[in-house]
Every structure is written in structure tokens, then in C-alpha cells.
Amino acid sequence: MRAMLRSGQRSGLPPAVAAQWVLGIWVLANIVIVEYLFVTAGQGKNEQLTAAKFFGMHAALIMLFQLQLVARVPWVDRRLGMDKLTLWHRWVGFALLWTIVTHAVLVVLGYAALDEASAATTFLALSGVPASLLGMTAAALVIAVGTFSARRARSKLRYEVWHALHLLLYVALVVAFLHQLMEPSAFRSTSMAYAYWGALWVLSLGSLVVGRFVVPIYRNLRHRFVVEEVLPESPSVVSVRVTGRRLDQLSARPGQFFIWRFPGHNPWWCANPFSLSAAPDDRSLRLTARVVGDATASFGSMPAGARAVLEGPYGALTSLHRRQPGALYIAGGMGVTPIRSLLEEEESKDVVVIYRARDLEEAVLLDEIRGLADSRSWQLHTALGRSADGVRPFEPSNLAALVPDIAERDVFVCGPPAMTSALLETLRALGVPRRQVHAENFNLA
Ligand SMILES: Cc1cc2nc3c(=O)[nH]c(=O)nc-3n(C[C@H](O)[C@H](O)[C@H](O)COP(=O)(O)OP(=O)(O)OC[C@H]3O[C@@H](n4cnc5c(N)ncnc54)[C@H](O)[C@@H]3O)c2cc1C
């Protein structure tokens, strides 16, 4: 069993590394099984169709891995974080897209060679075969969603539009499942193949349905969240405190986030992620949001007693990952929210906090952080001002001067993407081991 040292600090294999090993072994084991099934499934009618079978089987496997990555399995999410899992999901998605395209092209070329017809004629003929038509439909949906997910197209779409388009993948999933069911040569070639694919579909779909629907519905019925109060923190930032029943059994940790809905006040599809800005307790959960768009603009007028629907807790920016006795917490702008809740849980005396903001108005929750730092004798540095005016606390020499023993500390970081990536570079340059760096990106797409 992992030894607990002090203040949540742990020895042994870091949780994120353990999770990567488990996932790596799981992926490898499935690849080995699929290679075996491919070899035992027998050849296609020509070389192209044999290769098409190979890519088809791997496309099915990648699609099921995709489901597992977004199933929000708590053990994995707490160790790796939804931001990392979403990033992997993005790259695995592009791998799926190319595997499907290759499979489809090979099927058309294979049958065209068999029939001695052109690719266009074969394509039209195949669209009249139900199993092929289902495959084509699934492929078209994956290609469409993949195209809209490319960085350039994605940046032009509103989040809600992109998300609605992404939901088409559930349709693609059902169609792909039917296509697979009607395709005997690869998926039902032996009883072992049949059992393997059946079990993998049940496991992948099951974890998705449980993680995305059953658990959130159960939690909301159990805890019955309602808005307790709404407090302005600054002209553009508001805190919402939500209460509910049996919150001590919610197992949320400081630093984590929920996806919040306020049905009745906002449309039901309006679901936004916000970190806990105070340590959760058996009485309430608090979010603190900067007004940037429709959802956040509506928070200020939310009445006490409004119903809240929460999904979570999610995220890996927690003390589960503590390794060292000393810690450095770095918050930038609204990235202060998870840092503020983590600080409430922190027991070590050896803590440095750096809060980076443009000005005092942007530095929300600063009084609370100052109160915690004063009561526990921590060092608090505020870095207010613009980089253009020479305020650059995260340049390697400045950060090393501020925290000379930085490489011996756990470093928790949350801030705007540009600040976070520059800071991660600096931490690397200052020799802080990767396993001691814990960062949250306010970006899941
Ligand atoms: C893990 C995480 C934790 C966050 N914690 C905080 C926090 O504590 N305080 C805070 O002020 N902000 C936080 N954010 C950012 C916050 O979610 C967005 O600012 C908010 O959703 C904007 O919604 P809107 O309708 O007001 O604005 P919009 O104009 O609709 O959205 C602005 C941008 O916010 C992002 N966004 C919108 N909706 C979602 C969604 N459902 N899921 C993911 N991203 C979305 C998109 O990039 C979008 O372009 C967090 C984001 C993430 C991913």
C-alpha cells in the first residue's frame, strides 16, 4: 500500500504513471487480440480486401477506445485529468478518421478489381448493399465531424455548435455497430471473435452509459442541488454557492471541477465546466465565474432556490498527486479558482503562492488567499501588471529568484493557456521533475 507521508504527500508510483501503465497494457492487450483475430479470420477475396479487413477491424477497435476515453471513469479521470483524456481523444479521433478512410478506399478498390469495374461504378454498386451503406454512412459522419474538429474550422465555430455537431458521432456509433454486426467475415469469423467483439462493445458502451448518464442522474436525484446564494466578487466575476443533501458523500476534492447546469434559469443544453473555488464540505459547493458569454452573464441574476444539475466531480488537479513536503501554487487570472480550493486543504507550512493578474480588479479571491496565507505563515507573492510593462514573474531567472528551492516542490498551476504553457517551459528549464508538476487547462475541446 502506498505510504502516506505528511500533508497528503505520497511515495511510490505516481498515480498518473500508474494510470498510464494500466491504460497502456489494456491497449496493448487488445491490439494483440485483434492481430490474432485478423490472422485467424482468413484472407479476403484479394489483397485489397484483406487489407480492408485489417483496417476495418482496427477502426472498430479505435472507435471503442474512443468511447472508453470519454466514459469519465472516475479512477482514470482522477489520475490523468479530463483535459489530458480529451486531448488524447482528439488525436485518437484523427487516427480513427484515417483508419476508416483507408478501410473504405480499400473496400472500393478491392471490389473494383474483382469486378473489373471503375472505382466510381463500384462505389455506387456498394451503396445499394445494406451493410456497405451503413459503413458508408458511419464513415461520412466521422469524416464530417473530423473536418469540423480540425483546428482552423473549430476556431470559427461557437462551442455549442461544435458540440452539437460532435453529438452526431453517437449516430455514427450506432450505424457502425450495425455495419459490424452485418459483416460476418471479420467480426463473426470464429466464436472467439464473436465473443471478443461482443464483450468489448458491452464494456465500452456500458462504461459510457454508466459514466455519462447513470452516475450523473443518480447523483442529482440523491443530492438535489439548489442555488443557495449568488455573490458578486468584482464587476465581471460572480460566485454561485450551491447546496444539497448528503454532500459529505459526494467525494469531491478541492481542485476538481463540475459541469454545471441551471435548468429553469438557462436552457437545458447550457452546461459549463467550473472548478470548485472553495473546498467542498457537507454544506455547499462554490463556483466562481468570469462573465465571458451567455451562460456566465446569466449567473448574476440567478435566484436563490434555482435548481442546479451537476456532473462530476472531475479532474486531476488534486492533492492525490502530492509527492514533496513543500509546494508552490501558481494562479493566473481565473485559474485562481482551483488553486484557492486546494489551498484550503493544504496542511504544510512550507508553501509559496504566486498570484498573477493584470490588476487588483482581476485578482478575485485575493483577500481569501491572503487570509489563508497569513493564518498559516505561507509566502504570498502577487504579480500585478502587464507583461508589456515588464511584469514577467515566470521568466526562469525571476521565478528561480522568487522560489530558489522550486525543484524540490510540487508545483500546482492553473491559468490562461498561454501563461500555462510558458510556465511549463520555465519549470522544465528550472529542472522541476515532470511528476511534480500538476496543471489544469480550462480547455476540454
Ligand atoms: C475544466 C474547466 C474548468 C473551468 N473553471 C472555470 C472557473 O472556475 N471559472 C471561470 O470563470 N471559468 C472556468 N472555466 C471556463 C468556463 O467554462 C467558460 O468560461 C464558460 O463555460 C463560458 O461559458 P459562456 O456561455 O459564458 O461563454 P461562451 O461565449 O459560450 O464560451 C466562451 C468559451 O468558453 C468555452 N466553453 C463554453 N462552454 C463550454 C463547455 N460547456 N465546456 C467547455 N468549454 C466551454 C469555449 O472555449 C468557449 O469558446 C473552466 C473551463 C474548464 C474546461
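Counting begins at 1 with the first residue of the sequence. Counting convention: from 1, in listed order, for ligands and their atoms alike.
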| Okay, side chain of Ser348, backbone of Pro325: is any donor-acceptor separation there less than 3.5 Å? | yes

| said: Assess, by modelled atom type and distance only, whether the side chains of His321 and Asp410 contain a donor and an acceptor separated by less than 3.5 Å. | reply: no

| said: Can you tell me which residue among Arg376, Arg322, Arg340 is in a salt bridge (charged side-chain N to carboxylate O under 4.0 Å, His left out) with Glu346? | reply: Arg322

| task | Measure the shortest side-chain to side-chain distance between Asn30 and Leu64 over non-hydrogen atoms and say whether it is less than 4.5 angstrom. | result | no

I'd like to check which ligand 1 atoms, numbered from 1 as shown, lie under 4.0 Å from a non-hydrogen atom of [X].
| X | result |
| --- | --- |
| Val292 | 19 (O), 22 (C), 26 (O), 27 (O) |
| Thr337 | 7 (C), 8 (O) |
| Asp294 | 25 (O), 26 (O) |
| Glu160 | 30 (O) |
| Met334 | 9 (N), 11 (O) |
| Phe257 | 1 (C) |

Contact (N/O only, under 3.5 Å) between [X] and ligand 1:
| X | value |
| --- | --- |
| Ala271 | yes |
| Tyr159 | yes |
| Arg154 | no |

| remark: Counting heavy atoms under 4.0 Å, the part of Phe274 that contacts ligand 1 is both

| How does Thr288 reach ligand 1, if at all, at less than 4.0 Å between non-hydrogen atoms: by side chain, backbone, both, or neither? | backbone

| request: Might you confirm whether atom CZ of Arg212 has over 12 heavy atoms from other residues, nucleotides or ligands at distances under 6.0 Å? | output: yes

| field | Proximity winner for atom 43 (C) of ligand 1, if only heavy atoms of Ala295, Pro273, Gly335 are counted | value | Pro273

| Interatomic spacing from CE in Met82 to CZ in Arg72 - rounded to 0.5 Å | 4.0 Å

| remark: With sequence neighbours left out, the residues meeting salt bridge (charged side-chain N to carboxylate O under 4.0 Å, His left out) with Arg286 are Glu368

| field | Centroid-centroid distance, Phe442 to Phe257, less than 6.0 Å | value | no

| Pair Phe299 + Phe274: ring centers closer than 6.0 Å | yes

| query | At a 4.0 Å cut-off, with the gap strictly under it, does some heavy atom of His163 reach an atom of ligand 1? | reply | no

